[in-house]
Amino acid sequence: MNRYEIRIVGYGGQGIITLSKMIAYASGICEELLVTQTEAYGAQARGGRSWAEVVIDLDRESKQIDYPKALKPYDLLVILSDAATKEVKKEVIKKEENTGLLIWDSSTILGKFRAASKMKNLGLPIQKMALEKFGDTVYGNTILFGIFTVVTKIFSEESAIETIKQFVPSSTLEKNIEAFKFGKQKAEEFLTQLKEGMS
Amino acid sequence: MNRYEIRIVGYGGQGIITLSKMIAYASGICEELLVTQTEAYGAQARGGRSWAEVVIDLDRESKQIDYPKALKPYDLLVILSDAATKEVKKEVIKKEENTGLLIWDSSTILGKFRAASKMKNLGLPIQKMALEKFGDTVYGNTILFGIFTVVTKIFSEESAIETIKQFVPSSTLEKNIEAFKFGKQKAEEFLTQLKEGMS
Amino acid sequence: MSDDVRYPSEKPEHPYFDSSFSGMLLGTLVSRFCGGCGYGSIGQLYTRVFEDEKLDPKLYPLVIGIGCYSQIFFLVHKNAQKMLTLHGRAPAVATGMKMANPKMKPIIFSGDGDCLGIGGNHFIHLCRRNLDCILFIFNNSIYGMTGGQAAPTTLYGAMSTTTPYKMFEPRSDGVELALAAGASYVARTTVAHPRTLMKYFKKALKHKGTSVIEVITPCVTYFGRKNLDNLGSKGEKGEIMDTGGKMFEWIKKNSIHINQAKFMSKEELFNKYIIGEFRYDPSKSEYSEEYKKIQNIAMKGD
Amino acid sequence: MSDDVRYPSEKPEHPYFDSSFSGMLLGTLVSRFCGGCGYGSIGQLYTRVFEDEKLDPKLYPLVIGIGCYSQIFFLVHKNAQKMLTLHGRAPAVATGMKMANPKMKPIIFSGDGDCLGIGGNHFIHLCRRNLDCILFIFNNSIYGMTGGQAAPTTLYGAMSTTTPYKMFEPRSDGVELALAAGASYVARTTVAHPRTLMKYFKKALKHKGTSVIEVITPCVTYFGRKNLDNLGSKGEKGEIMDTGGKMFEWIKKNSIHINQAKFMSKEELFNKYIIGEFRYDPSKSEYSEEYKKIQNIAMKGD
Amino acid sequence: MSNVNGKRFLKPGKYLMMGNVAMAEGALSSGLKFFGGYPITPSTEVIEHLAKRLPEVGGCCMQMEDELASINAVMGASLVGAKAMTATSGPGLSLMTETISMAANIEIPFVFCDVQRCGPGTGFVTVPHHNDIGLTRFAGNGEFEVIAFAPMSCQELFDLTITAFNYAETYRCPIFILSDAYLGHIHEVVNIPPKEEILKRVIDRTIPKDTKGAKFTYEDIKTHKLTIPKPYIVGTEFCPPLIIHLPHNQDGILMPEENSLRFMKIMIDKIRDNIDKISLTEEYKLDDAEIIIISYGLPVRASYRAVDLARKKGIKVGIFRLITVWPFPKEKVKQVVAGAKAIIVPEMNYTGVIAEQVERVTDLNIPVIKVPKVATLHHPDDILKAIEEVAK
Amino acid sequence: MSNVNGKRFLKPGKYLMMGNVAMAEGALSSGLKFFGGYPITPSTEVIEHLAKRLPEVGGCCMQMEDELASINAVMGASLVGAKAMTATSGPGLSLMTETISMAANIEIPFVFCDVQRCGPGTGFVTVPHHNDIGLTRFAGNGEFEVIAFAPMSCQELFDLTITAFNYAETYRCPIFILSDAYLGHIHEVVNIPPKEEILKRVIDRTIPKDTKGAKFTYEDIKTHKLTIPKPYIVGTEFCPPLIIHLPHNQDGILMPEENSLRFMKIMIDKIRDNIDKISLTEEYKLDDAEIIIISYGLPVRASYRAVDLARKKGIKVGIFRLITVWPFPKEKVKQVVAGAKAIIVPEMNYTGVIAEQVERVTDLNIPVIKVPKVATLHHPDDILKAIEEVAK
Amino acid sequence: MLNQHRCQGCEICVSVCPTGILEMSDQLNMRVAFLPKVKEGKEKYCTACKRCEYACPIWAIYIVPEIENEITVKKEEAKI
Amino acid sequence: MLNQHRCQGCEICVSVCPTGILEMSDQLNMRVAFLPKVKEGKEKYCTACKRCEYACPIWAIYIVPEIENEITVKKEEAKI
Ligand SMILES: Cc1ncc(C[n+]2csc(CCOP(=O)(O)OP(=O)(O)O)c2C)c(N)n1
Ligand SMILES: Cc1ncc(C[n+]2csc(CCOP(=O)(O)OP(=O)(O)O)c2C)c(N)n1
Ligand code: SF4
Ligand code: SF4
Ligand code: SF4
Ligand code: SF4
């Protein structure tokens with residue numbers, strides 16, 4: 001058993017749930033890994049606080065994922081709203097070399113995000129970029145999905161594209177692929193940066 | 001504790017329930033004895049098989065009657081319908097000297113009533129007499145009540161009259177008292193007969 | 001139950017008796033109804049129509065609510081597949097039956113308490129859907145089974161064990177509610193009009209949609225014996241209704257045909273039963289047929 | 001609930017805002033309704049009337065059913081004594097309140113699902129008794145709270161999560177049922193007619209008996225966004241109703257005043273809302289007053 | 001509510017009363033002002049009696065359209081300060097469970113008479129069967145504790161109904177009186193004490209003089225101490241601004257989800273912590289008993305007789321009677337059964353719901369013997385046989 | 001009924017499925033033909049999914065006017081031979097209990113999905129709380145036994161729903177699937193086997209070829225042997241002349257009152273006698289375990305992790321999992337706990353309904369420790385803490 | 001034709017008969033119910049409308065087909 | 001007067017205004033909702049009928065009593 005723990009926090013309507021399901025689909029269906037996705041169910045429609053978690057078992061030998069919720073410390077924490085910054089503390093993110101990452105949206109999180117500075121983190125104005133580049137904040141998801149694909153390498157790019165096809169209406173597929181690529185690019189930039197910073 | 005066990009069996013509508021309540025009232029309220037009355041509840045209105053039981057504790061020191069149903073062998077068994085004759089067996093009636101009596105209605109019980117012959121018993125065409133003498137079978141109750149008063153001597157005649165006043169509409173009071181007296185008379189005849197038979 | 005007396009039967013037997021359940025079961029009749037109760041007549045008429053129309057028992061399940069009339073199972077046709085449901089829930093059970101096997105046309109027996117008291121919600125939704133079935137409401141103006149409490153239909157001024165100071169609540173009108181809810185065939189008659197009852201029943205058998213037939217029927221024991229027959233018309237001197245015959249008379253007197261009622265004032269109609277056919281709309285679409293269309297759409301795709 | 005964001009408020013404040021419960025409780029508004037939901041308007045108007053009429057909160061308890069509108073407790077007058085009941089049971093709770101303390105006049109908030117779905121039986125019996133109270137039915141043509149399933153009022157042809165092949169069942173009409181059941185004041189209006197709504201409300205406050213006011217109100221999230229505004233009139237090209245504004249427009253367009261409706265055919269009125277006052281009968285005797293008479297008789301004797 | 005009409009109390013003295021009537025009169029003596037019900041055999045005499053009697057005391061007896069309406073009306077009446085009650089049988093109880101659960105949540109006091117009949121389904125309506133024991137304990141979705149009494153005579157039906165109303169005011173949880181078709185229709189002499197004596201026993205519905213800063217319900221926000229204040233009354237100053245059946249604090253304001261467990265504990269511990277006060281029991285010849293009968297309701301009366309008969313035969317047997325069936329007095333029973341040779345649990349059902357509770361506190365090597373009986377009373381001989389069996 | 005439409009089965013393979021959907025698909029695979037329901041969070045996705053799917057297989061999904069109508073329609077559908085199901089949450093279950101009791105009486109097969117949420121009352125609708133455990137066992141007036149499963153993953157929701165339908169056909173008693181707000185909304189990969197494999201597992205609704213002298217229900221009149229024949233179908237020859245929910249013999253004819261106890265025994269013993277077949281359990285590292293965790297549903301998953309962590313620390317702890325919660329496998333558990341040092345029962349409720357059952361079969365000197373949790377999942381650390389506590 | 005053992009003495013047949021030829025007798029059957037009878041000499045007025053047959057709740061009274069224009073009420077003594 | 005922080009951008013006020021002087025702007029508030037505004041230069045047509053005030057579900061828009069013939073929409077930048 002080799003659990004990979006992901007938590008995404010923000011507001012209902014930001015697409016958190018979809019993002020988490022896409023991650024689960026790509027890992028569980030395309031890559032045939034064990035996976036569980038759970039969510040703050042009920043909060044979506046009326047825009048309250050929302051979260052989603054995905055646990056992926058990277059160990060192909062396992063039979064089932066024991067505990068279905070993500071366990072602290074997380075491998076990946078995504079923070080998309082100001083209110084959620086409260087839960088970011090040093091201890092909640094893994095510190096091993098190849099894992100433990102915070103991704104946050106600098107377009108909805110205002111002010112200095114102190115906690116972030118203490119860990120490996122990627123802050124991008126995701127929703128703003130989505131609105132500006134693609135005309136709608138929903139593309140923020142796909143951008144994040146692109147980032148995720150590159151950063152974690154849990155599933156292949158093909159699996160990712162396959163997943164996008166499953167989740168978005170065919171009319172917006174092209175734009176979504178673009179957003180995905182944009183995310184990938186941002187992630188690669190970040191990885192390079194990270195490597196440089198480390199070396 | 002000195003239980004006196006009474007069971008009355010017949011059809012719904014014959015007034016069994018009222019009779020049992022009158023006995024309970026006279027003993028429990030007028031004579032302040034412990035008493036429980038139970039009945040085949042539910043069968044009254046639509047004329048099915050019906051029964052009522054009264055347990056009187058003749059011991060004035062007792063605090064409560066333990067088991068509320070009449071226990072075999074009975075002190076007094078009243079049988080008013082043909083179908084009920086089935087339950088009359090030798091064992092069900094007490095054999096002590098001053099107790100153990102079967103009363104049955106020879107106007108509704110047809111044919112030879114063999115079981116009866118084996119015990120102290122009083123067979124009278126009660127309903128027929130009631131209909132003929134007082135114009136309605138309901139007076140059968142009061143006749144039986146009169147018989148009961150005399151035979152058992154559990155409550156005084158005043159208590160019995162008091163009880164009748166409680167239970168019958170004032171318009172028929174007089175007729176009921178008459179029926180009561182008629183019953184008393186029949187019972188006295190029977191007692192004399194019994195004494196004679198015994199001596 | 002075990003020791004009801006069996007009565008010898010005589011020959012020639014009543015022409016429909018042997019078709020009844022108790023005719024088959026016991027060879028002789030054990031009616032669990034009081035003398036003078038109208039439910040006997042209804043059971044008898046049901047058996048008659050069932051036999052005359054040669055209804056296929058597999059297609060006309062009889063769904064019975066809880067009330068005195070539940071015991072009608074002894075009197076109805078021996079072949080009818082009959083089931084007792086819970087108090088008030090018969091329309092819902094019938095709905096499940098119909099939708100799981102749309103070839104069926106359930107026939108529901110329900111009392112005024114069963115249908116308009118506890119079962120009111122299922123009743124109006126059955127009517128709304130216009131599900132193909134026949135619902136009989138037996139209105140005896142009282143709760144018979146439990147010993148004579150007021151029903152939502154109890155007439156103004158009537159005595160019952162729960163209205164010891166006389167009934168003062170306005171009554172429910174099953175026909176009005178069925179109309180408002182959307183049933184497509186709605187009629188009211190009485191047991192004192194047995195031919196009409198059979199006519200309406202036969203018409204409902206042919207109708208596609210929810211048929212609601214309210215039947216006014218006497219409860220001698222808990223309504224008749226406790227009430228005078230001037231209930232409906234004050235001023236008159238009343239007589240106690242302690243036999244089925246008297247109650248039949250009263251029902252006939254207290255029922256006014258819809259055509260006549262049209263010319264009468266609200267006051268004149270107070271506490272009366274309006275009888276007749278109130279709606280017959282064969283054009284209204286029936287639920288299970290509409291659902292069939294959806295199934296066809298759904299099954300086609302992919 | 002704990003981490004709703006609080007919005008700064010501005011001065012001068014909305015003239016009625018401080019009278020509301022959330023105004024009192026939080027100093028700033030937390031509406032739990034979606035943007036464009038009509039329930040906000042209703043809560044606001046209620047507070048306005050409550051304040052303007054200087055209603056004594058001790059005499060007008062607010063009995064709220066279960067549905068999206070339950071959250072209206074944040075918006076109604078801070079002094080109102082408000083209680084949430086179970087889904088569908090508010091009329092019964094109000095009945096108990098009224099009869100145990102007849103000085104009260106309960107005000108009931110119920111949804112179309114709450115009142116005409118699960119609560120149908122209590123609804124018709126409340127109307128039958130003509131108990132002095134006011135019942136608002138909020139008809140948004142959908143089950144909002146549980147995420148957009150069909151309601152008994154859902155219009156023909158509408159999409160909902162439980163009618164993926166479009167709604168095909170005939171709808172329930174709260175007004176018709178209230179009339180058949182016997183309510184003495186029955187009216188229907190919409191949130192798009194706020195002045196009428198207040199007028200009816202004030203009239204009901206003065207009326208002795210059961211007042212039923214159905215209010216057509218938009219659910220943007222689960223009805224509007226999933227449906228086109230040509231629902232009511234086929235043939236026309238439809239536009240999706242994804243804002244409160246569009247739904248207000250649609251409601252206005254889809255509502256026909258009773259006086260006008262009289263001259264229209266059944267087909268023309270199909271899927272439309274008829275608005276106006278349907279019955280106003282102050283002469284019908286009220287339940288608790290009738291019961292008072294019984295108490296007087298009973299208390300006198302002996 | 002202080003309208004204590006002269007007719008509220010029967011004249012002191014002895015009455016021959018049906019069980020259902022005794023229960024109704026007990027309620028009237030307690031100050032009952034509202035009854036909401038729907039006829040159902042074998043409870044019907046309760047509503048019939050109160051239809052006559054309640055208007056006499058200025059109260060209201062309503063026959064509602066169904067059981068759901070009944071229990072909700074009772075809740076409404078209690079909310080505005082009336083002592084309120086309903087009576088039904090198993091099928092009605094089944095229908096009412098959702099509302100009972102809600103009433104438990106908002107701590108509305110009322111008394112629930114369950115005159116049990118033989119199920120499942122509609123069942124045999126006129127025969128007794130203690131088959132709602134399990135259902136009364138789990139009477140609805142969610143977790144809460146209930147109090148249930150099992151009287152065994154008409155006098156107790158009268159007296160325990162008064163106790164039930166007092167407990168309702170005090171503990172504000174569902175209070176059941178578990179009667180049955182037999183007990184409800186037995187006629188016995190009931191001794192009605194003088195008005196003054198009854199009034200001394202009755203806890204009235206009043207509101208505190210000073211309603212400012214009043215605590216309405218549950219634990220104290222600050223001290224976290226569990227207190228059960230007087231029930232609030234809608235239509236008075238002593239009422240929270242919002243009454244909501246979600247986990248909530250003592251002002252009716254919602255508690256966050258995280259606190260749900262704390263809320264459950266409050267609902268349950270307010271009863272469990274007071275179990276010594278709540279649990280009424282009776283002991284009969286227990287001192288030297290080796291065989292112990294544990295029972296409740298009518299089977300206890302048959303047990304008395306069986307014990308007397310067995311004692312005559314030299315068998316050391318005694319009775320531990322549960323007058324309060326729920327909450328089950330775990331610790332007390334544990335003490336009672338410790339070291340016994342055998343436990344006999346006559347119940348008027350086949351499942352043995354209380355027998356299971358007894359098993360929890362009984363050593364595995366002590367046999368717990370059920371004596372089931374359904375539709376009819378236990379005969380003393382049934383129990384005697386069981387006693388003799390284990391005495392061998 | 002043999003209308004096995006092509007759409008009944010999903011193509012074999014892996015799907016990312018929500019728990020509620022997995023349950024619905026399991027039902028379709030079993031041959032579900034009728035669903036009657038009323039929306040209620042957190043079960044609503046079941047009716048929503050089936051509203052789309054059932055017409056595709058020629059079945060019917062009806063949104064009824066309330067829960068009472070739903071369960072009664074389900075019963076009606078099952079009576080005419082359709083595999084039928086409903087899904088709801090605690091408040092709906094409460095309302096349905098009367099009908100469940102009736103269905104138990106006339107032995108109508110159907111499956112009941114209870115997606116539990118946090119009560120009492122309306123409660124917190126979106127959080128899990130295993131608070132219907134007690135209510136499902138006593139789900140209505142009268143005595144009868146139920147079967148209840150507690151799945152813990154989406155795959156199990158699919159598989160156990162098939163098992164549930166099979167048990168419904170076989171044992172003809174109320175069959176519950178106890179899901180919860182969390183499990184119902186989790187997304188996991190569900191492996192759908194090929195149609196042929198599923199069909200092999202499914203017990204169909206058929207009637208005997210020769211319906212003459214058929215036995216419809218209950219024990220054999222003559223031999224008194226307890227048999228559970230195939231369910232009868234209204235609208236076929238294989239149907240008793242009268243269906244009545246009173247104690248009745250195998251032809252639907254009423255039994256006299258005196259036989260009520262025999263009837264109760266039949267209702268209960270048909271399950272208890274088959275408990276070894278009915279009771280599904282799972283053991284994890286029990287062989288050398290001194291501390292035993294007994295649990296069901298989602299807390300088992302946290303327990304796995306806790307056990308693995310504890311084992312690393314050298315603590316000998318194992319898990320006995322109840323997949324079938326009711327009937328409680330008394331004898332099996334008795335064997336499992338015998339000689340243990342301590343029992344830990346993590347439950348998603350405060351009452352500890354299963355803990356009470358465990359206490360019945362555990363020696364008084366072995367501690368039975370509850371680990372209650374409400375509204376949210378147990379964290380493995382909660383259980384680990386309890387383990388370490390007793391291991392000390 | 002009257003099955004007198006079954007008759008409950010409810011008077012319904014009397015009340016529904018359009019010709020008014022039925023009346024209650026003072027004969028009792030073993031159910032303790034009075035039986036209906038055709039008024040002395042009025043047998044011939046029976047129109048065989050079958051109203052009494054339709055209305056009798058207990059299958060006790062019915063028109064005998066062979067002699068359709070006559071209602072036969074058996075006069076045997078009730079065996080009380 | 002508009003409490004812009006509270007506004008949910010539902011367009012209801014726009015739809016109810018009988019004079020049609022309101023329209024949705026492209027300003028966003030911190031709820032990510034677009035705010036309504038009075039059409040350029042149309043302020044004077046407001047009749048203070050209060051329809052928008054009655055209809056606004058969230059107490060966001062209201063007529064300021066002192067200047068009853070004018071609707072003031074604060075133009076401060078939304079603080080996103
Ligand atoms: C849930 C439930 N509540 C109450 C009852 C008791 N009950 C049985 S029949 C009945 C009333 C029947 O009245 P109605 O339907 O008018 O039929 P009637 O007996 O008058 O023929 C009642 C209240 C029951 N069986 N189940
Ligand atoms: C007994 C019960 N069944 C179902 C539910 C779930 N439920 C809550 S609100 C609701 C529907 C509400 O619809 P409506 O009354 O139209 O109000 P809206 O949400 O549309 O405002 C339902 C089904 C419940 N709370 N209780
Ligand atoms: S009580 Fe009334 S309804 Fe019931 S059988 Fe007797 S007469 Fe008929
Ligand atoms: S879901 Fe619909 S009814 Fe509920 S708050 Fe949103 S818009 Fe209003
Ligand atoms: S109708 Fe039938 S039962 Fe009634 S009196 Fe006539 S023959 Fe007898
Ligand atoms: S009505 Fe209110 S909330 Fe809606 S857009 Fe206008 S100001 Fe904003």
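The chains referred to below are lettered A, B, ... by the order of the sequence lines, with proteins before strands, and numbering in each begins at 1.
With a 4.5 angstrom heavy-atom cutoff, F:Leu79 touches chain C only via side-chain atoms. Contact of C:Arg129 with chain F is made through the side chain alone, with heavy-atom distances under 4.5 Å. Of the two parts of C:Ala80, only the backbone, made up of N, CA, C and O, holds a non-hydrogen atom closer than 4.5 Å to a non-hydrogen atom of chain F. For F:Ile106, the part lying near chain C is the side chain, with the backbone staying farther off; criterion is any non-hydrogen pair under 4.5 Å. With a threshold of 4.5 angstrom between heavy atoms, C:Met99 approaches chain F through its backbone and through its side chain. When heavy atoms are compared at a cutoff of 4.5 Å, C:Ile118 does not approach chain F at all. Both the backbone and the side chain of F:Met64 come within less than 4.5 Å of a heavy atom in chain C.
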*Give the C-alpha distance, both sets of side-chain angles, the deciding distance and a yes or no for side-chain contact (heavy atoms from CB on, under 4.5 Å) between F:Lys7 and C:Met299.*
CA-CA 8 Å; F:Lys7 292 194 179 176; C:Met299 288 167 78; 5.8 Å; no

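Residue F:Phe34 holds its CZ atom at 12.0 Å from CG of C:Asn101, rounded to the nearest 0.5 Å. C:Ile294 contributes atom CD1, which lies 12.5 Å from atom CG of F:Leu54 (distance to the nearest 0.5 angstrom). From C:Met83, atom CE reaches atom CD1 of F:Ile108 across 6.5 Å, with rounding to the nearest 0.5 Å. Atom CG in C:Leu84 sits 7.5 Å away from atom CE in F:Met102 (nearest 0.5 Å).
Put simply, the side chain of C:Tyr291 gets close to the backbone of F:Cys61: a donor and an acceptor are under 3.5 Å apart. Judged purely by atom type and a 3.5 angstrom limit, C:Lys82 has no side-chain atom pairing as donor or acceptor with the backbone of F:Ile243. Under a 3.5 Å cut-off, the side chain of C:Gln81 and the backbone N or O of F:Val234 do not form any donor-acceptor pair. Judged purely by atom type and a 3.5 angstrom limit, C:Gln295 uses its side chain to pair as donor or acceptor with the backbone of F:Gly59. With F:His245 contributing its side chain and C:Thr85 its backbone, the two residues share a donor-acceptor pair below 3.5 Å.
For C:Lys78, the NZ atom is densely surrounded, since the number of other residues' heavy atoms within 6.0 Å is greater than 12. Counting heavy-atom neighbours within 6.0 Å of C:Lys202 NZ, excluding the residue itself, gives a total above 12.
Options C:Met104, C:Lys58, C:His125, C:Lys292 differ in how many heavy-atom pairs under 4.5 Å they form with chain F, and the most are formed by C:Lys58. The candidate with the highest count of non-hydrogen atom pairs below 4.5 Å against chain C, out of F:Arg53, F:Met75, F:Glu237, is F:Glu237. Counting heavy-atom pairs under 4.5 Å between each of C:Ile64, C:Asn121, C:Thr95, C:Ile124 and chain F puts C:Asn121 at the top. Note: F:Cys60 leads F:Gly36, F:Cys60, F:Ala69 in heavy-atom pairs under 4.5 Å with chain C. Considering only heavy-atom pairs separated by less than 4.5 Å from chain F, the leading option among C:Leu59, C:Asn79, C:Leu62, C:Leu86 is C:Leu86. Between chain C and the options F:Val74, F:Thr99, F:Thr236, F:Ile71, heavy-atom pairs under 4.5 Å are most frequent for F:Thr236.
At a heavy-atom separation below 4.5 angstrom, chain F is approached by no residue within residues 46-56 of chain C.
With salt bridges taken as basic N to acidic carboxylate O contacts below 4.0 Å, none links F:Glu65 and C:Arg128.
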